[in-house]
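Side-chain atoms are counted along with the backbone in the values below, which use heavy atoms only and exclude waters and symmetry mates. One-based numbering along the sequence shown.
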Amino acid sequence: MKYNILQMELLSNIIRLEALQLWKRNHGPLSGTLSIVDVYTVLFFKIFSTSDWNGQKKLTRVIPKSTSAFAFYATLKQAGLFDEEVKRHLPPVVRKDGWIGGVSSTLTKNLDQAIGMALVSKFRSDNYPVIVGISEGDLQAGVSQQARIASSWSLNNLTVILDCNQVQSSYTINNADPTVIPDKRGRFPRLKKIWEGYGWDYREVDGHNYRKLEQIFQLIGNTKKPLIIVVKTVKGKGVPFIEKDPIRYIHKMSEEEYIQATNYLKRKIASMQRKTGPLQITPVHFHRHTDIKKLLILPRLQKNYNGDTTEQVFRDWMTAFSDLNKGRVFIVDTDNPYPFPLSVTIYSSKNKSSHISVGVNERMAVNIARGIANSGGFPIFGSAATHIQITAEDFMRCAIDRDPVLLVSFRPGSDLGHWGLTHNSNNDCLLFSFPDSFIFQAATNNDVQLIFNSIYSNPAKYLPAYFRLPTRVFKPKENGFMSSDMTNAFQDGFYYFYKDGKKSKNAKVLFAGSGTILRECAEAIIALEKRGVDCLLINILNLTEINNKDLFNRFVNEADIVISIIDANPLSMSGLIFKTISNENREKVIMMGLNDFGRGIYSRDEVLKHNKLDAESLINIVSQSLTADFKRNKNHEK
């Protein structure tokens, strides 16, 4: 159906009324969601509804401005693209397996995700448009690197719609950003110069002029550069008393004011319907993106990695994994010297590599990965542990949205101690502990392949996840250790090592550790075994949950002492151990870590030597605990 101007205005008012009703049920941005309604009306009912919008354009991905969710969902409802369920699922990520992208409440992240989506479109040669809405707040939070990289990658299928309404939450825009203050002609010359300098096609338009919006939107998907369209709008548009004081109504209004606003829109809609007659809205049709059901192909590395680091294993595994699953698996990293050499081919406008480097912006990298995930890909982001901690909030979004993103941190914990206190990354396990996500850690080279293969055998279950990859590994055979059967190790969350020749698997002293620290534990066990003390070393792979609690408790029941130690903040390890073992066994546990926590803690400060927790310290602690009445030793109670 072809809508005339009066019908378009009627549609906009219907959408505004529905948006207010959604706001009433859920609350959130109010005046800011009304300013961009006319833009969505033209986009969906003029552009997406025409016969020209066909072929690959029917695969278009749309991410709304984060503060305009109510207007966006109301538009979807009128377009027949969303049903009443919208009212029970706010704020959602809408149809991730379809054509609509995620909605982020954090500034700049929508643009990051849009770049990931546009990149996948280019990589697979689909070249469908990706449209993302941003606000003046996004400009202030920082989108310069995103703009540069989109231009560098020649993402001419990417369109940014900037809602420029001159008002923020508490002040007008002239208090914060002079580039979006219009000149005498109502234009933004400084903003134009900035975006054209980034290498973008820049356009401005009145955000409430239906004809001009329709004309400018014809450029979407038809430019040689990424396109930014600055729409000049009025905050609170459509409700006069909100237009006059948009700051007052930024998030809330009284019940009486809500009734006044909705009654005004109802009267206006009724008046316009008398002129237009009943409005027959034609549903908007889009092609659904292909839901790839086939399993990922897992690599089988034949090389013996006894003399190599985990980073070498990671590099070989990832290279093989991405090669076997082209167009589905993407490696995303920031500018760091490991684990990839500088000779690795990375994605560019001329080279479709599945290895993507985004500079030094870790948060942007993770959100580009989220965009890739929302387009059916399986991104893996790797960075130094001390740098990756800044992405914890973004990983939380992955957990909330169930994005199949894997974060890999290199050189975690004490591995970075020699870089100084500012590079201490022992808190990362706490930062990345979220429901519906996992934390894994390798201690041996075999662990690396085991964890990777297990995750991607069932990515729907084990992603998103955070994977700690230490540099120094425990080499059991070199130290005379044998491992238990590893068939169910990943499912159980752990497996164990014992000294070669040890007849019984029962142990007087149980070491429960993870990662690099297993090396020191093994040295201590060798010395203790020579003194006749039976020991067992448990290697915990899953730092989120020990699934086989019965097996774990069987070992704990036989032991007199449990040394719980990990190259991470002890709070995370203590929570893991204490929720696994029975209450009566908790007094057996000696927690080792950076801080005093729980019962029987030895502060790490007491046992640190040259930034290293050594085997001698562990031996002394075990010897002291075996000879003393541990339960009554008040010096170690907390």
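Donor-acceptor pairing under 3.5 Å is recorded for the side chains of Gln146 and Asp112. Residues Lys352 and Ser125 bring a donor and an acceptor atom of their side chains to less than 3.5 Å of each other. Using modelled atom types and a 3.5 Å distance limit, the side chains of Arg370 and Asn367 yield a donor-acceptor pair. Judged purely by distance below 3.5 Å, without hydrogens or angles, the side chains of Thr487 and Asp485 pair a donor atom with an acceptor atom. Side chains of Tyr495 and Asp447: a donor on one and an acceptor on the other come within 3.5 Å. With no hydrogens or angles considered, a side-chain donor-acceptor pair links Asn585 and Ser582 at under 3.5 Å.
Looking only at distances, a side-chain donor or acceptor of Asn553 sits under 3.5 Å from a matching main-chain atom of Thr580. One N or O on the side chain of Ser121 and one on the backbone of Tyr128 form a donor-acceptor pair closer than 3.5 Å. Side-chain atoms of Ser353 come within 3.5 Å of backbone atoms of Thr345 as a donor-acceptor pair (strictly under, hydrogens ignored). A donor-acceptor pair under 3.5 Å is formed between the side chain of Ser623 and the backbone N or O of Ile619. A donor-acceptor pair under 3.5 Å is formed between the side chain of Arg519 and the backbone N or O of Val473. Within the 3.5 Å criterion, the main-chain N or O of Glu529 finds no donor-acceptor partner in the side chain of Lys499. The closest donor-acceptor contact from the side chain of Lys588 to the backbone of Val556 lies under 3.5 Å. Without hydrogens or angle criteria, Arg148 side chain to Val143 main chain gives no donor-acceptor distance under 3.5 Å. The backbone N or O of Ser454 lies less than 3.5 Å from no partner atom in the side chain of Asn458, so there is not a single donor-acceptor pair. In this structure a side-chain-to-backbone donor-acceptor pair under 3.5 Å is missing from Ser437 to Ser433.
Within the 4.5 Å cutoff, side-chain heavy atoms of Lys122 are placed close to those of Asn127. Taking the side chain as every heavy atom from C-beta outward, Met318 and His355 never approach each other to under 4.5 Å. With contacts defined as side-chain heavy-atom distances shorter than 4.5 Å, the pair Leu537/Asn539 does not qualify. The shortest distance between side-chain heavy atoms of Cys535 and Ile526 does not fall below 4.5 Å. Looking at Lys579 and Lys549, their side chains never come closer than 4.5 Å, going by heavy atoms from C-beta outward. Put simply, the side chain of Val358 reaches to within 4.5 Å of the side chain of Thr334, judged on heavy atoms. Using a 4.5 Å cut-off on side-chain heavy atoms (C-beta onward), Tyr498 and Ile525 make no contact. Put simply, the side chain of Leu406 reaches to within 4.5 Å of the side chain of Tyr456, judged on heavy atoms.
A ring-centre distance under 6.0 Å is found for Phe123 and Phe330.
Put simply, the residue from Phe432, Phe467, Phe490 that forms a ring pair (Phe, Tyr, Trp, His ring centres under 6.0 Å) with Phe440 is Phe490. Exactly one residue among Tyr462, Tyr466, Phe395 makes a ring pair (Phe, Tyr, Trp, His ring centres under 6.0 Å) with Phe438. That residue is Tyr462.
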_Apply side-chain contact (heavy atoms from CB on, under 4.5 Å) to residues Glu362 and Gln389 and explain how you reach the verdict._
CA-CA 9 Å; Glu362 285 82 9; Gln389 292 183 94; over 6 Å; no

*Is there a side-chain contact (heavy atoms from CB on, under 4.5 Å) between Val562 and Phe555 once you walk through the steps?*
CA-CA 9 Å; Val562 178; Phe555 295 129; over 6 Å; no

*Apply side-chain contact (heavy atoms from CB on, under 4.5 Å) to the pair Leu536 and Glu558, showing each step before the final yes or no.*
CA-CA 11 Å; Leu536 203 65; Glu558 296 292 336; over 6 Å; no

_Working for side-chain contact (heavy atoms from CB on, under 4.5 Å), residues Leu541 and Gln441_ = CA-CA 5 Å; Leu541 301 174; Gln441 178 159 245; over 6 Å; no

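Going from atom CZ of Phe497 over to atom SG of Cys521 covers 11.5 Å, rounded to the nearest 0.5 Å. With rounding to the nearest 0.5 Å, the separation of CG in Leu111 from CD1 in Ile149 is 11.0 Å. Taking CZ of Arg402 as the reference point, atom NZ of Lys461 lies at 11.0 Å (rounded to 0.5 Å). One finds the CD1 atom of Ile540 at 15.0 Å from the OH atom of Tyr496 (value rounded to the nearest 0.5 Å). Between atom CD1 of residue Ile356 and atom CD1 of residue Ile380 there is a gap of 11.5 Å, rounded to the nearest 0.5 Å. Atom-to-atom distance recorded for Leu407:CG and Asp394:CG is 9.0 Å, nearest 0.5 angstrom.
Taking each heavy atom of Pro404 and Pro379 in turn, the nearest pair found is O-CD, 3.6 Å. Closest approach of Phe410 and Val408 over heavy atoms only: CE2-CG1, 3.8 Å. The minimum heavy-atom distance linking Asp436 with Ala399 is given by the pair CB-O, 3.9 Å. Residues Leu518 and Gly513 share a closest heavy-atom pair of CD1-C, 3.3 Å. The nearest pair of heavy atoms linking Pro464 to Asp403 is CB-O, 3.3 Å. Of all non-hydrogen atoms in Ser357 and Trp153, the two that sit nearest each other are O-CZ2, 3.8 Å.
At most 12 heavy atoms of other shown residues, nucleotides or ligands fall within 6.0 angstrom of atom CD1 in Ile390.
Electrostatic pairing of Asp534 and Lys508 does not count as a salt bridge here, judged by no charged N lying under 4.0 Å from a carboxylate O.
Pairs passing the ring-ring contact (aromatic ring centres under 6.0 Å, His included) check and including a residue from residues 506-530, sequence neighbours excluded, do not occur.
Not counting sequence neighbours, the partners of Trp317 by the ring pair (Phe, Tyr, Trp, His ring centres under 6.0 Å) test are Phe321, Phe452.
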